[in-house]
Amino acid sequence: MSKRDYYEVLSVAKDANPADIKAAYRKLAMKYHPDRNPDDKSAEDKFKEGSEAYEVLSDSEKRARYDRFGHQGVGNQGFQDVNDIFSSFGSIFEDFFGFSGGGSSGRVRRGADLRYDMAVEFDEAVFGVERVVELERPVRCDTCTGSGAKPGSGRTVCRTCGGQGQVNRAQGFFAIRTTCHSCGGEGTTIDKPCEDCRGQGRLNKKRKLTVKVPAGVDSGVRLRLTGEGEPGPAGGPSGDLYVVLHVKESDRFVRDGLDLIVEQPIGIAQASLGCTVKIKTLDGEADVEVPSGTQSGDRITLAGSGVPHLKGVGRGDMHVEMRVVVPKKLTKEQRELLQKYAEISKEDTMSLPGGFFHRMFSQE
Ligand SMILES: [Zn+2]
Ligand SMILES: [Zn+2]
């Protein structure tokens, strides 16, 4: 099956700006909108095709991939169902038409998603943690089970729209359908509002939620708690709650993805002679062999001692970076020993073959 070029579908130039693309889609959507073309299969196909083109060209990232690789670059299956178009671009149709354009079938609306920002300690992010958080957020009213009607009373068909949820309104050249204001598009009105929620069907309530933070997360990771967002209007399904994590820094480790970097001070004698140092790791302690002749900035890697992979397989590494500390004060004995060392080593005339100038000029 060959697909038409998206720019051609929307009749815009390759370098069209986002406003042009939106305007072109608006024109097309006005023309082929299913509400204006009932039972017209070819109009519906045009509407789907145009929506698919708009979905790609209105997204700068997808558009760039499409420009480079064509249809294969975006791998778009297109819209199978016009309702998917309304749920993808609902807000745009509100701009275009003054209503979400979901037809008059009274679609069930989903509640809004919520965001909650949560700070976690460094170690909690590494090993995972379970937190109980208390959130105040809208929840479904138990008294009326979200209907907004006083228990025992019901809902009656809206007198304004006769249950359609939408009314016809003249606007410019068109008679367009807009959401009925009396019933808010639901097609029914409440006889007696529920006293607990004043007919809203929802209440602000404090609720405790358990958030499971998996091992290996980093700042910016979003955890989705399905169905914990705002309840949908008129008993519709709830949205989701997104917990956005903010990981605090560690005073011991610097994190680089799954790897950890830790600084380890060693003395000049330890660096020269080699030594064993105890390093605090995420799991406890490790003995690290420092070879003789270690320089400041040399790294020793402890494989698999880093942060666990979020997917549960494997761990990053830990890099121990050596800092050779030159003493600032010397005792009499230390001074004498170092003077002796300097004499033996002829440090005043030192020109080591591996030194700076050698490296500069030999290029080996
Ligand atoms: Zn209620
Ligand atoms: Zn109504």
Side-chain angles (χ1 to χ4, degrees), residues 29-30 33-39 47 81-116 133-209 225-241:
M30 294 284 267
H33 194 287
D35 277 5
R36 296 230 173 76
N37 303 274
D39 303 319
F47 185 62
D81 184 348
V82 289
N83 276 332
D84 293 343
I85 298 170
F86 297 127
S87 41
S88 296
F89 304 137
S91 60
I92 288 165
F93 287 102
E94 272 164 41
D95 286 357
F96 290 178
F97 306 109
F99 68 100
S100 70
S104 52
S105 51
R107 288 183 316 121
V108 183
R109 278 181 289 157
R110 189 172 162 275
D113 292 336
L114 295 175
R115 172 188 168 131
Y116 176 72
V133 293
E134 194 172 49
L135 297 180
E136 187 174 299
R137 69 210 162 113
V139 292
R140 186 155 296 148
C141 171
D142 287 336
T143 313
C144 61
T145 62
S147 72
K150 190 174 177 175
S153 76
R155 300 179 72 97
T156 35
V157 172
C158 172
R159 274 182 231 116
T160 311
C161 62
Q164 293 294 299
Q166 293 181 342
V167 288
N168 289 321
R169 200 178 65 184
Q171 188 177 309
F173 298 107
F174 301 109
I176 69 160
R177 294 162 69 83
T178 64
T179 303
C180 169
H181 287 294
S182 303
C183 62
E186 273 145 37
T188 53
T189 52
I190 297 161
D191 295 339
K192 286 182 191 142
C194 166
E195 281 160 11
D196 286 356
C197 63
R198 294 202 202 94
Q200 296 298 302
R202 47 201 251 176
L203 292 161
N204 275 335
K205 257 194 189 160
K206 278 193 175 165
R207 240 188 86 184
K208 282 184 177 159
L209 271 177
L225 278 69
T226 310
E228 298 291 352
E230 286 196 19
S238 295
D240 299 330
L241 173 70

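As the structure lists them, so they are numbered: ligands from 1, and atoms in each ligand from 1. Along the sequence shown, residues are numbered consecutively beginning with 1. Predicted, not measured: the structure shown is a model, and the values here were computed from it.
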(message) As a test of understanding, state which of Arg207, Lys206, Lys205 forms a side chain to side chain contact (heavy atoms under 4.5 Å, CB included) with Glu136.
(response) Lys206
(message) Quick check for you: to the nearest 0.5 Å, what is the distance between Gln166 atom CD and Gln164 atom CD?
(response) 8.0 Å
(message) Using a 3.5 Å distance criterion without hydrogens, assess whether the side chain of Asp113 forms a donor-acceptor pair with backbone atoms of Leu241.
(response) no
(request) I would like to know whether Arg140 and Arg202 meet side-chain contact (heavy atoms from CB on, under 4.5 Å); could you show each step before the answer? (result) CA-CA 4 Å; Arg140 186 155 296 148; Arg202 47 201 251 176; 5.9 Å; no
(message) How wide is the angle at the Zn ion (ligand 2) spanned by Cys183 SG and Cys158 SG, rounded to 10 degrees?
(response) 110°
(request) Find the distance between CG (Leu114) and CD (Glu230) and round it off to the nearest 0.5 Å. (result) 5.0 Å
(message) With a 4.0 Å cut-off on N to O distance, would you call Glu195 and Lys150 a salt bridge?
(response) yes
(message) With respect to the Zn ion (ligand 2), please indicate if Cys161 possesses an N, O or S atom at a distance under 2.8 Å.
(response) yes
(request) Output, by chain and residue number, all protein N/O/S atoms separated from the Zn ion (ligand 1) by less than 2.8 Å. (result) Cys141 SG, Cys144 SG, Cys194 SG, Cys197 SG
(request) Please check if the side chain of Arg159 supplies one atom and the backbone of Ser182 the other of a donor-acceptor pair under 3.5 Å. (result) no
